[in-house]
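Order of appearance sets the numbers: ligands from 1, and atoms from 1 within every ligand. This chain uses plain numbering: 1 for the first residue, then up along the sequence.
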Amino acid sequence: MSKDMMRAFELYQPDSVDNAVELLDRFGSESWALAGGNDTLDWFKDRAKFASSVVDLSGIEALRGIRETDDGIEIGALTSLTDIETSVLIQERYSVLSDAARRVASPQIRNTGTIGGNVCQDARCWYYRYGVDCYRAGGTTCYADTPEGQNREHCLWGADRCVAVSPSDTAPALVVLDAEMVIQNAEGERVVSAEEFFIGPEVDIERMTVLEPGDLLTAIRIPNDWAGAQFYFEKVADRNSWDFALVNIASAMVLEGGTIARIRMAAGAVECVPRRLNVVEEVVTGSAPDEATAALAGQAAVRGAAPLNYNHFKIPLLENLVKRAIRG
Ligand SMILES: Cc1cc2nc3c(=O)[nH]c(=O)nc-3n(C[C@H](O)[C@H](O)[C@H](O)COP(=O)(O)OP(=O)(O)OC[C@H]3O[C@@H](n4cnc5c(N)ncnc54)[C@H](O)[C@@H]3O)c2cc1C
């Protein structure tokens, strides 16, 4: 299927955020922001997606780096996944994020892949990636959700014509940390919570985030609220070397006097967006993180799951990951 030969495009290499935003605004839906290229170049080489004006962000130093702020930290969108994985600041305060970054793909991909690209990457449904005319590609069929469809990796919740899931390992960690996504366009800057940043097919079947043509994600801010909490991240994939999650789980928990005072938990690869497990949070708050609470949490997490033909296994998988997250 891979044709390995890209169509020609105009390449722009801005050296400032303003310059990049001006270019993205000028070319609108014909433009494409290029970060590490790990997702982008797949699309271009397979000729399944194309943009006539590519805006290469790699020369914008202001988009790189991890900075302390009055209220937490700010991570530039172009910061590599390796830098996040190895940052002492992130390891000490928000280890759920460094642990999640460590489980992304392979060292080579983490060296070039950026946090911005990781949260903005497109769906990994085989049919969609191969360029068929599915709903997400503007057609009228979901090939994964047919009697013969291969849907082992697909969703348990949120199916709406499309059954693809959120592929990002860092996304659930950012939801758990109550991160804020800083977005800039020609009109100015807006800030959206990580939970609202990701959107499902019921909102817009052709996008996975709130970003629209002309928008640039410039930074991710993580507030101090959850700094130093008891964190948990676990990912289950078919292979440990590199592979997308079948299910992943992220949680942040604050214990007081042996009981759970505050908790946030989110799962990836079970819905088109990172799935915040509010019901689990409500059920376990005020209880000790013991075996009984973990069992209750696991049951609560999978309530309402609607499996497809080949992904029933994700239900006990999610249940067990939630139990493990509670037990720490
Ligand atoms: C073989 C392989 C295995 C992988 N396995 C995993 C995995 O296990 N877990 C996981 O989480 N990920 C995985 N990935 C994804 C990878 O981690 C990259 O993070 C991701 O593909 C994109 O990062 P990038 O910086 O290369 O972005 P790019 O490919 O350059 O961009 C990706 C998308 O994001 C947009 N974008 C990038 N930056 C911005 C910005 N600042 N503002 C607006 N839009 C932006 C681009 O326009 C594009 O649409 C895998 C990728 C590959 C190729």
Which atoms of ligand 1 are found less than 4.0 Å from any heavy atom of [X]?
| X | answer |
| --- | --- |
| W242 | 1 (C), 3 (C) |
| A77 | 41 (N) |
| S168 | 11 (O) |
| L211 | 43 (C), 44 (N) |
| G37 | 24 (P), 26 (O), 27 (O), 28 (P), 29 (O), 30 (O) |
| D39 | 21 (O), 29 (O), 32 (C) |
| W32 | 46 (C), 47 (O), 48 (C), 49 (O) |
| A33 | 46 (C), 47 (O) |

* To do: Establish, yes or no, whether the cationic atom of R152 lies under 6.0 Å from the six-membered ring centre of W126 and within 45° of the ring axis.
  => no
* Does the ring of F244 carry R124 above it, NZ/CZ under 6.0 angstrom from centre and within 45° of its axis? -> no
Approximate separation, where rounding is to 0.5 Å, of [X] [atom1] and [Y] [atom2]:
| X | Y | atom1 | atom2 | answer |
| --- | --- | --- | --- | --- |
| F231 | L177 | CZ | CG | 5.0 Å |
| D243 | R103 | CG | CZ | 9.5 Å |
| L34 | Y12 | CG | OH | 14.5 Å |
| I249 | K235 | CD1 | NZ | 14.0 Å |
| R129 | R136 | CZ | CZ | 11.0 Å |

* Contact between K235 and ligand 1, counting heavy atoms under 4.0 Å? -> yes
* **Check against side chain to side chain donor-acceptor pair (under 3.5 Å), D18 and S16** => CA-CA 5 Å; D18 285 350; S16 72; 5.6 Å; no
* For W43, does the CH2 atom have more than 12 heavy-atom neighbours from other residues, nucleotides or ligands under 6.0 Å away? ->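 Correct, the count exceeds 12.
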Among [options], which residue places a heavy atom closest to [atom]?
| atom | options | result |
| --- | --- | --- |
| atom 26 (O) of ligand 1 | N38, T79, V17 | N38 |
| atom 5 (N) of ligand 1 | A100, G76, A105 | A105 |
| atom 18 (C) of ligand 1 | N248, N118, L34 | N118 |

* **Verdict with reasoning, K49 to D122, per salt bridge (Lys or Arg N to Asp or Glu O under 4.0 Å)** => CA-CA 11 Å; K49 285 197 179 186; D122 212 337; 2.7 Å; yes
* Asked: With a 6.0 Å cut-off on ring centres, are W32 and F44 close enough?
  ->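 They qualify: ring centres under 6.0 Å apart.
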* Please lay out, stage by stage, how R264 and E281 fare under the test salt bridge (Lys or Arg N to Asp or Glu O under 4.0 Å). => CA-CA 6 Å; R264 274 173 82 101; E281 296 170 13; 5.5 Å; no
Protein contact of [atom] - nearest heavy atom, named by residue and atom, plus distance:
| atom | answer |
| --- | --- |
| atom 31 (O) of ligand 1 | T40 OG1, 3.3 Å |
| atom 11 (O) of ligand 1 | D169 N, 2.8 Å |
| atom 41 (N) of ligand 1 | L217 O, 2.9 Å |
| atom 20 (C) of ligand 1 | G117 O, 3.9 Å |
| atom 39 (C) of ligand 1 | L57 CD1, 4.1 Å |
| atom 24 (P) of ligand 1 | G36 N, 3.5 Å |
| atom 45 (C) of ligand 1 | C120 SG, 3.9 Å |
| atom 13 (C) of ligand 1 | F244 CE2, 3.2 Å |

* Any idea which heavy atoms bring C155 and N311 closest together, and the distance? ->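 Nearest heavy atoms, C155 then N311: O-ND2, 3.0 Å.
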* Under 4.0 Å from ligand 1, counting heavy atoms only, is it the side chain of A245, its backbone, both or neither? ->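 Neither part.
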* Is ligand 1 under 4.0 Å from a heavy atom in the side chain of L78, in the backbone, in both, or in neither? -> neither
* To do: May I ask you to check if ligand 1 and D215 share an N or O to N or O distance below 3.5 Å?
  => no
* Verify the distance criterion only: is there a donor paired with an acceptor across the side chains of N151 and Y143 at less than 3.5 Å? => no
